[in-house]
Trainee: 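If you scroll down you'll find the structure; I have some questions about it.
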Amino acid sequence: MVFNQGCNSKKEEAKNEEKKPLSLIVVEPGHFHAALVQKSMYDDVDSVVHVYASEGPDVKAYLDKVEKYNTRPEDPTHWKEEVYTGADFFEKMISEKKGNVVVLAGNNQKKTDFIKKSVDAGLNVLADKPMAIDAAGFDKLKEAFASADKNKVLLYDIMTERYEITNTLQRELALLPEIFGELQKGTPENPAVSKESVHHFFKYISGEPLVRPTWFFDVNQQGEGMVDVTTHLVDLVQWSCFPNVSLDYQKDIQLLSTKRTATQLTPSQFKLVTKSETYPDFLKKDIKDTLLNVYSNGELNYTLKGVHAKVSVIWNFQAPEGTGDTHYSIMKGSKANLIVRQGKEQKYKPVLYIETTDKSKAYEDAVAAAFKSVQDKYPGVDLKKTAAGWEVVIDAKYDTGHESHFAQVANKYMEYLKAGKLPEWEVPNMIAKYWLTTSALKQAKGGK
């Protein structure tokens, strides 16, 4: 079934509009991240978006969100959605090739296959994380990167957390030996780098309660926590500790230990977040005494080029009133630790600290002098003295919120498309990241 959103006059507008070099194809948009890519317009992207999906609530939820962006009073978007729905949506997309950038954000069970077939067909792909959720998916993803290289197209994942300002500045400060010193090696019990993330199944997105598809709670379709949110954390470890360095997963990573646990949902919680009265058959395997067990929590300990790192993710059902998803991150240097906290004291907003045992005037002067380079790059960023060192005071203009980071990733990707290539380190590091998450899951489940 094919239909157009918008009237004939809009069609005429589209014809008259200057043809842009990039045109989006949105495939099976089952996750709200698909719509968030379209929360903004882009200079080089055609306003007509070609959507291919199976019929059902997922594509409707995506179209509703895009329509809200189109009709909001402030800075509305003007996307024109051309939609095809049917069981053969993917084959239809490949045969028609109406655009040149495939956006994938949905059911992860089929995502790696969609990625591979899209790049095989000579299409660029911008994919939500995770791009692979198990060892077999990792093997296929490696083939997809080889195919993308051969077909001269770019395959890239949406790493929004790099654009969260405290993460960005933590990386900047780690590059300054006068402040940070050298990154420590750490030990398994006391890692040099730790990143911990707490997420929630029930939350508000763009001011409305998020309705999640029932398949989101099936680890065979969404992936376990260890291969889902940990993708961001593993990415930040690589990106912060070894900026612009190409990593070789076979030489540079040693997986030490892993663990996985389940979050339990009651039938009423499941109904609240999915609007579904009953558990679908594919979740029956995970139900014990009416409680749904979702293996959304995971922890992995590993070394990266000899540096001990730990990442962990926890999913709770709903955050207490006035709170939200939280992030904790520490990088230990020979002169100072760089710590992001996001607890009650920080009013649940991430705050970056420089903490040190060196209270000398010489070190204080060195910090002030070195910090000027950060201020040159990020005007409005300052330091405030604390008992343990300094709090990094960040101008409100940099706190643009999680939803805005999707446009920042998309803009960066479009720069790479213009240049015709990704930075040298991005592909090997994406491969390293997905090898680590999928290997960790295999190990946690008792595989070799």
Side-chain angles (χ1 to χ4, degrees), residues 129-135 137-138 157 159 161-162 167 170-171 174 180 182-199 219 223-243 245-263 294-316 325-334 337-343 350 355 428-448:
K129 60 83 201 149
M131 293 205 286
I133 61 169
D134 54 29
F138 170 73
D157 61 355
M159 290 290 102
E161 291 306 305
R162 296 182 187 179
N167 294 333
Q170 187 183 41
R171 180 183 191 247
F180 185 61
E182 286 179 17
L183 180 63
Q184 299 297 282
K185 296 289 188 199
T187 64
E189 302 72 35
N190 189 11
V193 187
S194 288
K195 294 190 182 289
E196 297 165 11
S197 193
V198 178
H199 286 256
V219 292
E224 293 206 9
M226 193 169 274
V227 292
D228 183 15
V229 176
T230 50
T231 311
H232 279 307
L233 306 182
V234 169
D235 182 75
L236 287 174
V237 172
Q238 295 179 172
W239 182 74
S240 305
C241 297
F242 298 99
V245 172
S246 292
L247 300 167
D248 179 342
Y249 74 91
Q250 290 167 311
K251 292 179 187 163
D252 293 331
I253 303 176
Q254 189 183 0
L255 184 55
L256 302 176
S257 65
T258 56
K259 73 175 179 194
R260 61 197 269 274
T261 57
T263 295
V294 187
Y295 274 90
S296 50
N297 312 315
E299 178 187 301
L300 51 151
N301 293 276
Y302 62 103
T303 61
L304 180 63
K305 284 187 168 289
V307 172
H308 283 271
K310 172 187 161 185
V311 303
S312 69
V313 62
I314 293 167
W315 280 79
N316 295 324
D325 293 353
T326 62
H327 177 69
Y328 170 81
S329 170
I330 183 166
M331 294 178 72
K332 297 176 182 175
S334 54
N337 294 338
L338 305 173
I339 307 173
V340 178
R341 294 190 179 94
Q342 193 179 353
E355 298 192 351
N429 293 12
M430 280 188 274
I431 291 171
K433 172 172 67 191
Y434 287 108
W435 175 83
L436 180 57
T437 56
T438 56
S439 298
L441 177 64
K442 190 175 172 183
Q443 187 183 104
K445 291 174 84 171
K448 291 279 194 279

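The model shown is predicted, which means the values in this text are computed figures rather than measured ones.
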Trainee: So, do Q254 and L256 sit near enough that their side-chain heavy atoms are less than 4.5 Å apart?
Mentor: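 Yes, side chains in contact.
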
Trainee: Over all heavy atoms of both residues, which pair between D228 and P130 is shortest? Give the atoms and the distance, please.
Mentor: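 Heavy-atom minimum between the residues: OD1-CD, 3.4 Å.
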
Trainee: Minimum heavy-atom separation for P191 to H308, with atom names?
Mentor: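 Scanning both residues completely, I find the closest heavy atoms to be CB-O, 3.5 Å.
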
Trainee: Please confirm whether the backbone N or O of W239 pairs with a side-chain atom of R171, one donor and one acceptor, at under 3.5 Å?
Mentor: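 Yes.
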
Trainee: Short question: side chain of E161, backbone of N167 - any donor-acceptor pair under 3.5 Å?
Mentor: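 Checking the backbone N and O of N167 against the side chain of E161, no donor-acceptor pair under 3.5 Å is found.
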
Trainee: Compare every heavy atom of A432 with every heavy atom of L247, then report the nearest pair and how far apart it is.
Mentor: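 Reported closest heavy-atom pair: CB-CB, 4.4 Å.
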
Trainee: Search all heavy atoms of V234 against all heavy atoms of V311 and return the closest pair with its distance.
Mentor: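 Reported closest heavy-atom pair: CG2-CG2, 4.0 Å.
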
Trainee: Just wondering, do L233 and S197 contact through their side chains at under 4.5 Å, heavy atoms?
Mentor: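 Side-chain contact under 4.5 Å: yes.
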
Trainee: Can D157 and K433 be said to form a salt bridge (charged side-chain N to carboxylate O under 4.0 Å, His left out), step by step?
Mentor: CA-CA 11 Å; D157 61 355; K433 172 172 67 191; 2.9 Å; yes

Trainee: So does G186 get a backbone contact from the side chain of N190, meaning a donor-acceptor N/O pair under 3.5 Å?
Mentor: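 No; judged by distance alone, with no hydrogens or angles, the pair does not exist.
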
Trainee: Just how far is it from atom OH of Y434 to atom CZ of F138, taken to the nearest 0.5 Å?
Mentor: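 Reported value, rounded in 0.5 Å steps: 11.5 Å.
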
Trainee: CZ of R341 to OG1 of T326: how many Å apart, nearest 0.5 Å?
Mentor: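 Between atom CZ of R341 and atom OG1 of T326 there are 13.0 Å.
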
Trainee: To the nearest 0.5 Å, what is the distance between CD (E196) and OG (S312)?
Mentor: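 If we round to the nearest 0.5 Å, E196:CD and S312:OG are 4.0 Å apart.
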
Trainee: Would a 4.5 Å heavy-atom cut-off, applied to side chains only, mark I253 and W435 as touching?
Mentor: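 Yes, close enough: below the 4.5 Å cut-off.
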
Trainee: Hey, could you give me the NZ/CD distance between K259 and E299, rounded to the nearest 0.5 Å?
Mentor: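 Reported to 0.5 Å precision, the distance equals 4.5 Å.
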
Trainee: Please tell me whether N297 and T263 have a donor and an acceptor in their side chains that are separated by less than 3.5 angstrom.
Mentor: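 Yes, T263 and N297 have a side-chain donor paired with an acceptor closer than 3.5 Å.
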
Trainee: Evaluate the side-chain proximity of V193 to C241: yes if any heavy-atom separation is below 4.5 Å, no if none is.
Mentor: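 Result yes, sub-4.5 Å side-chain heavy-atom pair found.
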
Trainee: Any side-chain heavy-atom pair from M159 and T231 closer than 4.5 angstrom?
Mentor: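 Yes, close enough: below the 4.5 Å cut-off.
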
Trainee: Kindly compute the distance separating OG (S246) from CD (Q238), expressed to the nearest 0.5 Å.
Mentor: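 Rounded to the nearest 0.5 Å, the OG-CD separation comes out at 11.0 Å.
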
Trainee: Measure the shortest side-chain to side-chain distance between F242 and N429 over non-hydrogen atoms and say whether it is less than 4.5 angstrom.
Mentor: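 They are not in contact (no side-chain heavy atoms under 4.5 Å apart), so the answer is no.
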
Trainee: How far apart are the closest heavy atoms of D325 and Q342, and which atoms are they?
Mentor: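 The pair with the smallest heavy-atom distance is O-NE2, 3.1 Å.
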
Trainee: Side-chain contact test, heavy atoms from C-beta onward, threshold under 4.5 Å: evaluate it for K305 versus V245 and give yes or no.
Mentor: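 When only atoms from C-beta onward are counted, V245 and K305 do touch, with a gap below 4.5 Å.
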
Trainee: Can you tell if the side chain of M226 reaches within under 4.5 Å of the side chain of V313, non-hydrogen atoms only?
Mentor: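 Of all side-chain heavy-atom pairs linking V313 with M226, none is under 4.5 Å.
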
Trainee: Distance from L255 atom CG to Y249 atom OH, nearest 0.5 Å?
Mentor: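 Nearest 0.5 Å value for the CG-OH distance: 13.5 Å.
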
Trainee: Indicate the atoms forming the closest heavy-atom contact of L300 with A440, along with that distance.
Mentor: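 The answer is CD1-CB, 3.9 Å.
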
